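In what follows, every chain begins at residue 1, and chains take the letters A, B, ... in the order their sequences are listed. Everything numeric here is computed off the predicted structure, so don't read it as measured data.
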Protein chains: 2
Amino acid sequence: MRLPLPKICAIILLKPLETWMFTTMRPTTKDLAKAAGVSLATVDRVLNGRAGVRQKTVEAVNDAIERLGFQRNQVAATLARQRGYRFAFALPRSGDEFLDEIIERIREFDTAGRAEMVEANVIRLDDHDPHKSARVLSRLTPDEIDGIAIMAPETPQIRDALLRMQERGIRTVPFVANQHSFGGGDFVGIDNRAAGSTAGRLLARFLGPVQGSIIVLTETTQSRDSLERRLGFDAVIHRNYPHLTTLPTLETHGDPGRAQHVLRNALQAHDDVVGLYFMGAEARIPIEVARVLNATNGRVTIAHERTPSTEHALRKGEIDAVIHQDPGHLVRSAVRILRAKCENRATLASQERIRTEILIAENL
Amino acid sequence: MRLPLPKICAIILLKPLETWMFTTMRPTTKDLAKAAGVSLATVDRVLNGRAGVRQKTVEAVNDAIERLGFQRNQVAATLARQRGYRFAFALPRSGDEFLDEIIERIREFDTAGRAEMVEANVIRLDDHDPHKSARVLSRLTPDEIDGIAIMAPETPQIRDALLRMQERGIRTVPFVANQHSFGGGDFVGIDNRAAGSTAGRLLARFLGPVQGSIIVLTETTQSRDSLERRLGFDAVIHRNYPHLTTLPTLETHGDPGRAQHVLRNALQAHDDVVGLYFMGAEARIPIEVARVLNATNGRVTIAHERTPSTEHALRKGEIDAVIHQDPGHLVRSAVRILRAKCENRATLASQERIRTEILIAENL
DNA sequence: TAAATTCTGAGGTACGCACCTCAAATGCGA
DNA sequence: TCGCATTTGAGGTGCGTACCTCAGAATTTA
């Protein structure tokens, strides 16, 4: 039997150097079987949760796993599966620039992941028809797909479809927006309340002692994200900066005309506007409209998500900071979580926390 | 022969949904051999760069690779290697809190990587004895180690040791600090000039219209990192904020006593200090000293690297922002780069760029 | 106690590639 | 054209696991 911890010291002659060593041999299922006093077949049954093993035997095997420090070799396991992992990202059909970035990262990941037998896919859901979306999700079978990251509104239909998918053995994880943490505390994305707080703090710090009011502009206040960001934003401003006033949230509904209208109105109604907060994921429209109205000039402006629009505006000094979440990290984290679920492994929470990044022109 | 692109459509009945499909079969070395009209042995020779193949044959195989879109199955390749990947991080013996964080992440990675047949190791180098360090590195053989990430001063000895390691077939990558980009443009770490600029911009923005001078404190000005950060910092301040003056860099040499001395002197010599920039990786000492001297109170202060010290100071409001690079990303990126080198693959530059993060209390 | 049921073992194949050996074919120069 | 070195082919083994079958052992039930 090969023990888990025989090591060779890489630099045995250099004792004074602190170094830990490389493991040479790791116990295999064969070692496990011998240690547990059962056959390979039984070990396989236990490891893969197949039926037909007495409780006592299961415990004997688990005991041996513990004793040997056995870890399944995922490389061999993946190869033996005869098929790679197939993950999908269910995203809304209507998208913004940030969504485009995410999709590009998924494509990149898919290309790179081939060699590791991991594939990533995008499914576009009709965001205005929860029934249809739910039907699409309900049609997926474990044959086609191992796991799915979902960005979809929290309707009862979707919720139900998710539950049924999980029952069929498809792993799920809520992704970036529009979803409760659901079915086990996993969630891929930033804490939007903290993101709002960050924006608020930064806006106030950049303003310094200047007094006045702040315009808050977003696509729609209906979304959970907007709500949370607004909460975090207001909390910081109200608690710490009484000389600043936050105006009611304005909505663009994704329409440049309307955006221009509401922004112009707000600027006319309040002659003391010193800051703007573009709260939604689609900052392109607010930025363009603000450019036309010359609204950010002399005011501090903060937007969300790095996209070509925000990047350009940041470089030109039209806006002052961008609160961001890295789409590459989002994608890779989702895949890691889904894969860990497939393999019944835990994930390192610290590694999977998506950072709320602050971008200014200098650290783009 | 199996083509690379036969697909099954996951949602064939849902045409209106945009979706790309899952690849079912990928060409194997066997397919490659058939397509190139050579044997498996020859394919193997070409793929693994073994000698004894006519140029014309090599081209035929490469041609077939191109035509089929062949990608080596890294899962199978890793399994067949009969041994996992062994990577090491050569780090200075004397460390700061940030180095501790990095080491912790290496440990985490090592634990998690076991299942993927990747091991990570730490080798501590004596930073005051380049000869000894070089000797340590020179002793490493490809049997023991596949690649190494190196944080060590750029002495001729080290440089030489690195070259010889590369000749022996050990992959290397400069890591975080003290190293030129060396041998191919890879470097794991942030752009320190940009980091300095970021710090400068942020400091100035937080200060607003306030006039005065800024104290810059670091461990030693000898290091390349300090130099670059200072350059970036000064560039931003001088170009954009003429009402601010940057004072000459003060050095702590890692000594709290000395730190307190130089800081107190500087504060006494200049009664207009409005900001502090703790430029080194070890902000603990400056923070503690500043606390004793009550130096940051009423002044804007920026430090580098998230550590228990900086995190605590940020939460307490003793400092205003931290410029950070994520140690987890550093470690994983180094491993990805080393592994890609081992497998003769390219890496996605966009994925490997380490972000210069800005942390404030709200986005910790 | 016999029969039915549940559990277990032994053995196999497969995944895609790395690495090995040895014989045969090919190309080359003289 | 021969002899030699170089190049190629055929075949093998092994990595650690998944997944399969079927016979026989152990246990439970009637």
Side-chain angles (χ1 to χ4, degrees), chain A residues 1-2 4 23-34 36-61 65 68 70-85 114-118 146 342-345, chain B residues 1-2 4 23-34 36-61 65 68 70-85 114-118 142-143 146 342-345:
Chain A
M1 191 190 79
R2 284 177 289 184
T23 302
T24 45
M25 292 296 194
R26 297 175 41 201
T28 71
T29 44
K30 215 177 283 186
D31 301 320
L32 241 193
K34 215 175 296 182
V38 300
S39 72
L40 263 176
T42 301
V43 164
D44 176 67
R45 288 177 186 115
V46 174
L47 279 182
N48 296 295
R50 292 184 231 287
V53 185
R54 230 180 313 160
Q55 187 55 31
K56 235 178 78 183
T57 315
V58 172
E59 275 157 23
V61 173
I65 290 176
L68 296 195
F70 171 85
Q71 265 188 294
R72 188 196 314 239
N73 183 332
Q74 291 298 348
V75 174
T78 305
L79 184 60
R81 274 180 96 232
Q82 317 259 62
R83 131 158 121 87
Y85 288 96
R114 291 267 155 97
E116 316 285 340
M117 302 179 72
V118 180
D146 297 294
C342 289
E343 296 168 353
N344 294 316
R345 288 184 295 110
Chain B
M1 193 189 79
R2 286 177 287 184
T23 302
T24 46
M25 292 297 193
R26 297 175 42 201
T28 69
T29 45
K30 215 178 283 185
D31 301 320
L32 239 194
K34 216 174 295 181
V38 299
S39 72
L40 266 176
T42 300
V43 164
D44 176 67
R45 290 182 185 110
V46 174
L47 280 183
N48 296 296
R50 292 184 233 286
V53 185
R54 231 180 312 157
Q55 187 55 32
K56 234 179 79 182
T57 316
V58 173
E59 275 157 24
V61 173
I65 290 176
L68 295 194
F70 172 85
Q71 267 186 291
R72 189 197 313 238
N73 182 332
Q74 292 298 350
V75 175
T78 305
L79 185 59
R81 274 179 96 234
Q82 316 259 64
R83 128 159 122 90
Y85 289 96
R114 291 267 155 97
E116 316 284 341
M117 300 179 73
V118 180
D143 285 345
D146 296 294
C342 289
E343 295 169 354
N344 294 316
R345 289 185 293 111

- [ ] Compare all side-chain heavy atoms of A:Asn73 with those of A:Thr28 and state whether any distance is below 4.5 angstrom.
- [x] no

Open item on the list: Nearest heavy atom decides the nucleotide; on that basis, is A:Gln74 or B:Val38 closer to the 5' end of DNA chain D?
Closed with: B:Val38

Task: Between C:dC15 (C1') and A:Leu79 (CG): distance, integer Å - done: 4 Å

Open item on the list: If you define the side chain from C-beta out and look only at heavy atoms, does anything of A:Thr78 sit under 4.5 Å from A:Glu343?
Closed with: yes

Task: Which atom of A:Ala36 lies closest to which atom of A:Val61, heavy atoms considered - done: CB-CA, 4.0 Å

TODO: Could you check whether B:Gly84 gets within reach of a base, just the sugar-phosphate, or nothing at all, counting any heavy atom under 4.0 Å?
DONE: nothing

Task: 5′-ward residue of the pair B:Ala51/A:Asn73 relative to DNA chain D - done: B:Ala51

Task: Shortest non-hydrogen contact from A:Arg45 toward A:Ala51 - done: CD-O, 4.4 Å

Open item on the list: Generate the contact string for nucleotides 18-30 of chain C. Rules: B means base contact, S means sugar-phosphate contact only, - means no protein heavy atom under 4.0 Å.
Closed with: SB-------S---

Task: Counterpart residues, salt bridge (Lys or Arg N to Asp or Glu O under 4.0 Å), relative to B:Arg54 (two or more places apart) - done: none

Task: Interatomic distance where CG belongs to B:Asp31 and P belongs to C:dG16 [whole Å] - done: 9 Å

- [ ] Please report, rounded to the nearest Å, how far the P atom of D:dG9 is from the NZ atom of B:Lys34.
- [x] 14 Å

Task: Touch class at under 4.0 angstrom, heavy-atom based, for B:Val75 against every strand present - done: nothing

TODO: Please state whether the phosphate of C:dA10, meaning OP1 or OP2, lies under 4.0 angstrom from any side-chain nitrogen or oxygen of A:Ser39.
DONE: no

Open item on the list: Without decimals, in angstroms, what is the distance between A:Lys30 NZ and D:dA18 P?
Closed with: 14 Å

Task: Length of the CZ-P vector between A:Arg345 and D:dT17, whole Å - done: 14 Å

TODO: Starting from P on D:dA25, measure out to NZ on A:Lys56 and report it in whole angstrom.
DONE: 19 Å

TODO: Please state how far atom CG in A:Leu68 lies from atom P in D:dG16, giving the value in whole angstrom units.
DONE: 14 Å

Open item on the list: Under a 3.5 Å distance rule, please check whether B:Arg26 uses its side chain to pair with a backbone N or O of A:Arg114 as donor and acceptor.
Closed with: yes

Open item on the list: Just so I know, are the side chains of B:Arg72 and B:Asn48 near enough to count as touching, which here means a heavy-atom distance under 4.5 Å?
Closed with: yes

TODO: Would you mind reading off the distance between B:Gln71 atom CD and C:dG16 atom C1', rounded to a whole angstrom?
DONE: 14 Å

